[in-house]
Number of protein chains: 2
Amino acid sequence: MLSLTEENYLKAIYHLSDGGSKSVLTNEVADAMSTKPASVTDMVKKLSAKKLITYEKYYGVTITKQGKTDALNIIRKHRLWETFLVQKLNFHWDQVHEVAEQLEHIQSPLLIEKLDEFLNFPVADPHGHPIPDKNGKIHTGQQIPLCEVPGKKTVTVLAVNVKESSSFLQYLSKIGVYIGAKLAILDKAEFDGSIEIMIDGKKKVFVSKEASQNILVTP
Amino acid sequence: MLSLTEENYLKAIYHLSDGGSKSVLTNEVADAMSTKPASVTDMVKKLSAKKLITYEKYYGVTITKQGKTDALNIIRKHRLWETFLVQKLNFHWDQVHEVAEQLEHIQSPLLIEKLDEFLNFPVADPHGHPIPDKNGKIHTGQQIPLCEVPGKKTVTVLAVNVKESSSFLQYLSKIGVYIGAKLAILDKAEFDGSIEIMIDGKKKVFVSKEASQNILVTP
DNA sequence: TAAAAAGTTTAGACGAGTCTAAAAAATTAT
DNA sequence: ATAATTTTTTAGACTCGTCTAAACTTTTTA
């Protein structure tokens with residue numbers, strides 16, 4: 001059984017390692033968790049003792065099979081709760097993250113099973129991120145950042161990256177971008193990477209490079 | 001802002017003091033919280049410093065106005081979550097307590113407001129206990145333990161006391177007692193306090209004194 | 001009403017999680 | 001390839017919530 005803090009570290013390491021595909025440095029974890037490197041060192045020793053990560057002094061940590069499983073379970077809970085908040089309680093997609101950060105730590109497999117059923121076994125959360133199934137399997141199709149779409153075609157919004165800032169989500173709502181929106185790429189500015197798009201064939205807007213990196217669309 | 005532990009102590013003190021109407025001794029709190037008296041002494045000093053209780057050495061604690069408000073807010077959350085689990089997720093009434101003990105600590109006034117609305121502003125939880133409104137007001141009609149009903153009339157089940165044991169709830173389900181059930185009192189045994197009742201005009205059973213003390217009915 | 005019992009508090013310790021400051025290792029720059 | 005810089009770890013300390021053992025206060029009993 002993991003403590004709340006251990007769960008948060010494990011989840012951060014999972015995300016920083018891109019789902020376990022690369023190793024993660026102490027300072028990266030410290031940044032992500034808003035703690036000091038010394039605290040991270042202490043914690044990775046504990047997670048390593050529990051076989052959830054492997055830790056090599058001065059060279060960072062790698063997540064183990066079991067660590068991945070545990071992390072995916074937490075992420076599953078987080079995304080199911082976000083889905084609940086938006087679909088059932090009418091939260092806005094920019095209001096759910098902090099609450100789900102708390103709810104994801106509730107310990108009750110039965111609760112999650114029943115919540116999943118209540119929500120009709122959703123496959124993605126309100127930001128388009130896939131919800132791991134109860135075995136930790138993620139079903140995702142191909143998706144690429146808007147800024148990397150070649151040429152001037154029309155694409156569909158599949159997901160948006162959230163990080164910390166709900167203000168990005170508010171911005172997207174304001175300009176009319178949502179999961180499922182159709183974006184026609186009209187023009188790309190070489191000098192700053194900004195893109196002109198037409199949203200749902202109605203509204204023309206410019207989005208910055210920064211923004212277009214965080215809008216994931218059909219390839 | 002209270003810690004999880006402080007919230008649990010405050011809630012225990014609220015319940016032990018019958019909603020603030022009497023003072024509570026250190027040992028009673030220790031029993032209720034399954035800790036040692038020494039730990040209670042430490043904690044009541046902290047809650048007292050926060051003006052949630054008044055503490056007089058060797059003479060126990062009394063809950064303050066603010067303490068009552070905070071305790072009622074936690075109880076409100078607990079009972080709303082229990083209602084959610086039963087009404088929306090199809091939990092059984094004997095499965096909800098432990099999960100609600102966790103959920104009651106989630107910090108988000110917006111969540112509770114929306115949950116309340118989603119549940120259609122329920123006035124009682126699955127065990128018949130009143131849900132304080134957002135101002136901490138409790139709307140309860142008169143209710144008395146089954147064992148104290150005078151004579152042999154027919155009464156309606158309004159609530160059941162839960163304490164720790166879900167086995168009492170399982171027992172009640174098994175014999176057919178639920179919130180709203182009609183109980184006709186057929187006979188009372190002097191020697192052991194047991195009562196013979198007819199449930200919903202269908203099923204005759206004997207219930208022990210112990211059980212009849214924890215079934216609350218219309219007067 | 002004095003002695004015994006019961007209940008409560010204090011003192012000191014411990015684990016979890018965090019921090020700062022200093023030491024050690026790795027990286028980079030000259 | 002050695003010096004300077006950056007990163008990481010260690011050491012020691014602090015808070016929170018807990019404990020045991022001992023001291024103290026209140027209540028009960030004889």
Side-chain angles (χ1 to χ4, degrees), chain A residues 1-17 22-63 67 70-71 74 101-102 104-107, chain B residues 1-17 22-63 67 70-71 74 98 101-102 104-107 164:
Chain A
M1 171 109 292
L2 299 182
S3 74
L4 189 145
T5 311
E6 289 169 332
E7 289 199 344
N8 284 331
Y9 272 94
L10 187 62
K11 190 177 48 142
I13 291 168
Y14 178 88
H15 281 131
L16 290 169
S17 70
K22 62 182 190 193
S23 83
V24 180
L25 301 174
T26 302
N27 270 8
E28 303 178 62
V29 179
D31 277 6
M33 298 286 299
S34 305
T35 55
K36 304 292 166 179
S39 307
V40 174
T41 301
D42 286 346
M43 183 53 82
V44 297
K45 283 179 185 168
K46 290 198 349 195
L47 292 177
S48 164
K50 294 192 176 182
K51 312 261 191 219
L52 301 173
I53 58 178
T54 57
Y55 166 51
E56 206 179 341
K57 248 178 157 184
Y58 294 104
Y59 290 92
V61 299
T62 312
I63 204 158
D70 288 4
I74 302 166
E101 287 284 303
Q102 297 180 60
E104 72 189 7
H105 300 292
I106 302 292
Q107 303 289 352
Chain B
M1 173 109 290
L2 299 182
S3 73
L4 189 146
T5 312
E6 288 170 334
E7 288 198 348
N8 283 332
Y9 271 93
L10 188 61
K11 192 177 47 142
I13 292 168
Y14 178 88
H15 281 131
L16 290 169
S17 69
K22 63 183 190 192
S23 83
V24 179
L25 301 174
T26 301
N27 269 8
E28 302 179 62
V29 178
D31 277 6
M33 298 286 300
S34 304
T35 56
K36 303 292 166 181
S39 308
V40 175
T41 301
D42 287 346
M43 183 53 83
V44 297
K45 283 179 185 168
K46 290 196 350 194
L47 292 176
S48 165
K50 294 192 177 184
K51 311 262 190 219
L52 301 173
I53 58 177
T54 57
Y55 166 51
E56 206 179 341
K57 248 177 155 185
Y58 294 103
Y59 290 92
V61 299
T62 313
I63 204 158
D70 290 2
I74 301 166
E98 288 71 17
E101 287 283 303
Q102 297 180 59
E104 73 189 4
H105 300 293
I106 303 291
Q107 302 290 350
E164 302 295 297

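Per chain, numbering begins at 1; letters A, B, ... match sequence-line order. Values below: all heavy atoms of this structure, side chains included; hydrogens, waters and symmetry mates excluded.
- If you measure from atom NZ of B/Lys45 to atom C1' of C/dT9, you get 7 Å, rounded to the nearest angstrom.
- Taking atom CD of residue A/Glu56 and atom C1' of nucleotide C/dA25, one finds them 13 Å apart after rounding to whole Å.
- Which of C/dT9, D/dT18, C/dT10 sits closest to the side chain of B/Thr5 comes down to D/dT18.
- Considering only side-chain atoms of A/Lys36, the nucleotide from C/dC19, D/dC19, C/dA26 that sits closest is C/dC19.
- In this structure, the nucleotide among C/dA21, C/dT18, D/dT18 sitting nearest to the side chain of A/Asp42 is C/dT18.
- When distances are taken from the side chain of A/Leu25 to each of D/dT8, D/dC19, C/dC19, the shortest belongs to D/dT8.
- In this structure, B/Tyr59 atom OH and C/dT9 atom P are separated by 11 Å, rounded to whole Å.
- In this structure, A/Lys36 NZ and A/Thr26 OG1 are separated by 14.5 Å, a value rounded to the nearest 0.5 Å.
- OP1 or OP2 of D/dC19 sits under 4.0 Å from a side-chain N or O of B/Ser39.
- Here the P atom of nucleotide D/dT15 and the CE atom of B/Met43 are 16 Å apart, to the nearest Å.
- Here the CD1-OH distance, from B/Ile53 to B/Tyr9, works out to 10.5 Å after rounding to the nearest 0.5 Å.
- The structure places CG of A/Leu10 at 4.5 Å from CD1 of A/Ile63, a figure rounded to the nearest 0.5 Å.
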**Request:** Could you please spell out the steps behind the side-chain contact (heavy atoms from CB on, under 4.5 Å) verdict for A/Glu101 and A/Lys11?
**Result:** CA-CA 11 Å; A/Glu101 287 284 303; A/Lys11 190 177 48 142; 3.0 Å; yes
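- For B/Tyr58, taking side-chain heavy atoms from C-beta onward, the closest of the listed nucleotides C/dT9, D/dT8, D/dC19 is C/dT9.
- If you take CG of B/Leu2 and C1' of D/dC16, they are 14 Å apart, rounded to a whole angstrom.
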**Residues A/Leu47, A/Ile13; criterion side-chain contact (heavy atoms from CB on, under 4.5 Å); working and verdict** = CA-CA 11 Å; A/Leu47 292 177; A/Ile13 291 168; 4.2 Å; yes
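- Atom pair B/Tyr55:OH and C/dT8:C1' shows a separation of 7 Å (rounding to whole Å applied).
- One can place CG of B/Asn27 at 6 Å from P of C/dG7, the figure rounded to the nearest angstrom.
- When each of A/Tyr9 and B/Thr41 is assigned the nucleotide of DNA chain C with its nearest heavy atom, B/Thr41 is the one assigned upstream, toward the 5' end.
- Atom NZ of A/Lys57 is separated from atom C1' of C/dA26 by 13 Å (rounded to the nearest Å).
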